[in-house]
Number of protein chains: 2
Amino acid sequence: MVKITDVARHAGVSPSTVSYALSGKRPISEETRQRIEDSIRELGYRPHAGARALASSRSNVLALVVPLRTGIHVPVVMQFAVSVVTAARRHDHDVLLLTQEEGEDGLRRVADTALVDALIVMDVQLHDRRLPLLRALDRPSVLIGFPAEPAGLTCIDLDFKAAGELCVEHLAGLGHRVIGLVGSPPEVYVRETGFAQRVVQGFTAAADRNGLSSSVHPCEAAPAAARQVAEQLLRERPALTGVVVHNEPVLEPLIDAFESLGLRVPGDLSVTAICPDEVAEQTRVPVTSIAIPTAEVGTGAVELLMRKLGGATAVPEATLLSPRLTVRGSTMPRP
Amino acid sequence: MVKITDVARHAGVSPSTVSYALSGKRPISEETRQRIEDSIRELGYRPHAGARALASSRSNVLALVVPLRTGIHVPVVMQFAVSVVTAARRHDHDVLLLTQEEGEDGLRRVADTALVDALIVMDVQLHDRRLPLLRALDRPSVLIGFPAEPAGLTCIDLDFKAAGELCVEHLAGLGHRVIGLVGSPPEVYVRETGFAQRVVQGFTAAADRNGLSSSVHPCEAAPAAARQVAEQLLRERPALTGVVVHNEPVLEPLIDAFESLGLRVPGDLSVTAICPDEVAEQTRVPVTSIAIPTAEVGTGAVELLMRKLGGATAVPEATLLSPRLTVRGSTMPRP
DNA sequence: GCGTGACGTCGAAGCGCTTCGACGGGGGAA
DNA sequence: TTCCCCCGTCGAAGCGCTTCGACGTCACGC
């Protein structure tokens with residue numbers, strides 16, 4: 001193994017000079033820097049991560065806690081993970097993968113052993129058990145998602161309330177008067193995952209504001225459940241012309257169900273969804289939708305952490321990303 | 001931060017004794033060990049990961065390289081990742097997440113900086129560019145998947161050839177004489193991903209062996225493509241009564257297409273698939289299938305690495321997991 | 001009764017890097 | 001010219017842990 005003293009000897013300087021040339025923490029003459037860089041290249045030097053971590057008390061590793069539970073859309077989780085890793089690399093950091101199963105002990109372990117400098121936690125629930133721990137930990141963290149009491153924590157996510165509103169505004173603007181929300185599985189509401197409830201809030205608020213008649217229907221992630229909800233909607237609200245779907249796996253089956261019940265989309269029924277673009281594009285009728293901006297959220301989370309690690313004083317506690325609605329073929333003016 | 005010297009002082013022993021008590025590398029009297037453990041608990045001591053890595057030249061971290069490409073089923077990747085993390089934790093290791101995008105440089109970086117002790121690489125292609133590097137690296141690695149030339153590497157995966165064969169044997173045993181394989185998208189074969197080709201090999205070999213008439217049809221991962229393939233199959237092979245599907249997203253649309261073309265599953269057409277159980281179970285007719293044993297593969301990969309890290313001499317180069325076929329409602333004897 | 005070895009523990013020497021204080025030399029200000 | 005300060009570099013002191021060799025003690029065998 002080639003170490004910093006080897007490089008120093010080869011370049012005719014002291015080890016500390018090599019270190020400063022690498023970190024830029026002190027000025028080094030252009031000429032010396034060049035010589036050092038040449039030596040590094042020639043010898044194939046790589047600083048030892050452990051030694052660096054010990055001496056600098058910085059590991060340059062971030063922890064990412066990913067959820068494992070039912071009712072969450074796996075590809076979206078993966079997208080978050082990838083964007084976090086990519087963003088972290090841009091800041092010369094790596095990412096340690098933790099499963100939610102590890103729970104609070106896992107968080108404490110990687111933080112207390114100084115394995116990681118900071119943490120990113122996904123799938124935060126309204127009353128998440130990890131919150132007190134995250135507040136107490138000596139390393140900074142960022143949550144993807146909003147708990148009920150975000151004070152003292154840094155959170156980032158799509159503004160799901162605004163997303164719910166935006167869907168309604170879109171339908172209202174097209175003249176629809178009776179609309180329904182087909183939501184996530186009941187257990188998602190039960191365990192109080194913030195974003196699902198916030199969609200409902202936005203949906204309801206915007207419907208009221210616009211004087212629309214609206215109703216909300218949780219739905220299991222199965223085709224049969226979709227069919228049931230479709231039938232129920234038509235039975236209870238025959239004047240229905242607009243639907244908002246917040247439940248990825250059910251989007252396609254739901255449209256199928258409506259069509260087989262005699263409603264054409266978008267001719268008789270306009271459909272919008274909150275879901276990844278791939279899901280919205282792969283249905284038989286491409287669906288007007290609001291995507292979860294996984295790349296921005298992941299990148300944003302990392303940027304926030306970097307600012308905190310950099311000692312920034314005022315990092316915003318709440319970062320809500322504005323929803324963007326992409327119009328596709330599934331919505332049209334009320335007939 | 002509480003360190004080992006604090007524990008030592010508190011327990012009335014020397015730091016080295018604490019270290020040995022923790023690692024078990026030298027005998028420590030029961031009484032002293034107890035005292036040390038008490039002190040550790042009382043003080044809340046956690047060994048510093050960086051210091052440990054520096055002194056022992058072991059980071060207790062594994063790298064996991066996950067694929068990002070089109071044509072691979074994301075939930076399966078996630079399952080691998082989770083099982084790797086879980087297995088690694090059982091051996092007191094953590095997992096660093098690398099994206100394939102980082103490529104060879106990323107592998108070299110984490111290995112050369114001693115950030116990780118060993119590497120797990122997923123989605124290995126037949127002529128993977130990373131193979132020479134993995135052979136040359138000074139840390140052990142395990143591949144999930146088999147390249148064309150696996151000599152000198154440790155590989156583990158489902159035996160896809162046997163899986164292809166098993167599907168055919170199952171259909172042949174039910175009396176089917178004319179069968180087809182609906183495969184992965186053409187690009188998967190083009191980039192020479194081993195497992196797809198091996199399914200074809202197994203399928204063809206078993207069909208020949210059993211005197212069946214067979215044909216192979218790559219298929220894009222889109223409903224429209226599925227429809228096309230279904231039409232083509234019926235046109236070209238009117239006597240077809242058995243189909244093997246190796247293409248997750250197309251399974252459901254393909255069955256839909258067959259049914260809308262007048263073929264009942266399994267009445268007129270028996271269907272088997274190689275896909276995750278969730279996919280096989282969520283179709284309208286549950287599909288007889290061979291699952292990719294993600295948990296075993298992930299765990300197996302970690303076990304192999306641990307043996308290599310433990311200095312085991314003879315770790316098997318190739319580990320092929322036998323396929324298991326789960327019979328569901330989509331296959332029946334030929335009418 | 002004494003050599004032998006295993007047991008349990010200690011002290012010291014690093015592991016490879018960062019960082020702090022110091023120091024010589026070369027301006028710019030006074 | 002003198003003083004001061006900044007620039008560029010060096011040396012040394014750790015960071016917190018593991019590990020090697022050494023040492024005292026005790027039991028055992030002959």
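Letters go in sequence order (proteins before strands), and every chain restarts at 1. Computed from a predicted structure; not experimentally measured.
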Practice problem: Only pairs at least two apart or in different chains count here, so list each side-chain hydrogen bond (donor to acceptor under 3.5 Å, both in side chains) that has a residue in residues 80-97 of chain B. | Solution: A/E102-B/R89, A/R109-B/D94, B/H91-B/E303
Quiz item: To the nearest 10 degrees, what angle separates the axes at the start and end of the helix from C/dG1-D/dC30 to C/dA30-D/dT1, five pairs each?
Solution: 30°
Practice problem: Find which nucleotide of DNA chain C each of A/K3 and A/K25 is nearest to by heavy atoms, and output the residue with the more 5' nucleotide. | Solution: A/K3
Quiz item: Mapping A/R33 and B/T5 to their closest nucleotides on DNA chain D, which lands nearer the 5' end?
Solution: A/R33
Self-check item: Qualifying side-chain hydrogen bond (donor to acceptor under 3.5 Å, both in side chains) pairs, either residue in residues 138-150 of chain B, two or more places apart
Solution: none
Quiz item: Between B/R35 (side chain) and B/A11 (backbone), is there a donor-acceptor pair under 3.5 Å?
Solution: yes
Quiz item: Quick one, which residues of residues 34-60 of chain B touch DNA chain C with a heavy atom under 4.0 Å?
Solution: B/L54, B/A55
Quiz item: Can you name the residues that form a side chain to side chain donor-acceptor pair (under 3.5 Å) with B/S16, not counting sequence neighbours?
Solution: B/S14
Quiz item: Taking only residues at least two apart or on different chains, which pairs with a member in residues 7-18 of chain B satisfy salt bridge (Lys or Arg N to Asp or Glu O under 4.0 Å)?
Solution: B/D6-B/R9
Quiz prompt | Nucleotide range of DNA chain C lying under 4.0 Å from chain A heavy atoms | solution = C/dG16 to C/dA22
Quiz prompt | Within 6.0 Å of CZ in B/R135, more than 12 heavy atoms from elsewhere | solution = yes
Self-check item: Close approaches to DNA chain C from residues 10-24 of chain A, in residue order (heavy atom, under 4.0 Å)
Solution: A/S16, A/S19, A/Y20
Practice problem: Would you please name every residue forming a side chain to side chain contact (heavy atoms under 4.5 Å, CB included) with A/A49, sequence neighbours left out? | Solution: B/T113, B/L115
Quiz item: Residues two or more places apart in sequence or in another chain: which of them pass side chain to side chain contact (heavy atoms under 4.5 Å, CB included) with A/V77?
Solution: A/V66, A/P67, A/I72, A/M122, B/M78
Self-check item: Under 3.5 Å donor-acceptor, A/R58 side chain and A/V116 backbone
Solution: no
Self-check item: Sequence-distant partners of A/F160, ring-ring contact (aromatic ring centres under 6.0 Å, His included), two or more places apart
Solution: A/F195, A/H246
Practice problem: Mind listing the closest non-hydrogen atom pair of A/I156 and A/A301 along with its distance? | Solution: CD1-N, 3.9 Å
Exercise. Given side-chain contact (heavy atoms from CB on, under 4.5 Å), test A/C155 with A/V124 step by step and report yes or no.
Key: CA-CA 10 Å; A/C155 307; A/V124 178; over 6 Å; no
Practice problem: Enumerate the residue pairs fulfilling side-chain hydrogen bond (donor to acceptor under 3.5 Å, both in side chains) with a member in residues 43-52 of chain A, sequence neighbours excluded, ordered by first and then second residue. | Solution: none
